[in-house]
Amino acid sequence: LKPHCSKLDIWHTVYNHALDGAQGIVDLVSSTGLRPFLAPLDDDERAAFLLAYQKRLGEVYQPMMNGKVFLRFPRLFIVATI
């Protein structure tokens, strides 16, 4: 990008979300990152997928003392100015 712009800013940050268990993670990503995986499924397949996904998340994301799970959400930002 640098040859095509006058200024280029790139940075990485991590947003940390305290969510209500594995279901909170499913709720957060269902409308964004999971859309391409859910879209081709029928209602029964979608329900089965989300149930299996939530179960696996529950195995990986252990609740903290307050019952929340901590989800790290990394983002890469690129701003190019012409």
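Linking Ile, Leu, Val, Met, Phe, Trp and Tyr residues whenever their side-chain heavy atoms come within less than 4.5 Å leaves Y61 and L51 in two separate clusters. In the hydrophobic cluster analysis, where Ile, Leu, Val, Met, Phe, Trp and Tyr join through side-chain heavy atoms closer than 4.5 angstrom, L1 is grouped together with I10.
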Show me the side-chain donor-acceptor pairs of residues 70-82 shorter than 3.5 Å, one per line, residues at least two apart or across chains.
none

Using residues 14-35 as the side-chain source, report each donor-acceptor pair under 3.5 Å to any protein atom, sequence neighbours left out, with the distance given to one decimal.
from : atom 1 : to  : atom 2 : distance (Å)
D20  : OD1    : K68 : NZ     : 2.4
Q23  : OE1    : Q54 : NE2    : 3.4
Q23  : NE2    : D27 : OD1    : 2.7
S30  : OG     : V26 : O      : 2.5

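Around the CZ atom of F37, the shell of radius 6.0 Å holds no more than 12 heavy atoms that belong to other residues, nucleotides or ligands.
Residues passing the salt bridge (Lys or Arg N to Asp or Glu O under 4.0 Å) test with K2, sequence neighbours excluded: none.
R46 and D43 make their closest contact through NH1-OD1, 3.0 Å (heavy atoms, listed as atom of the first residue, atom of the second, distance).
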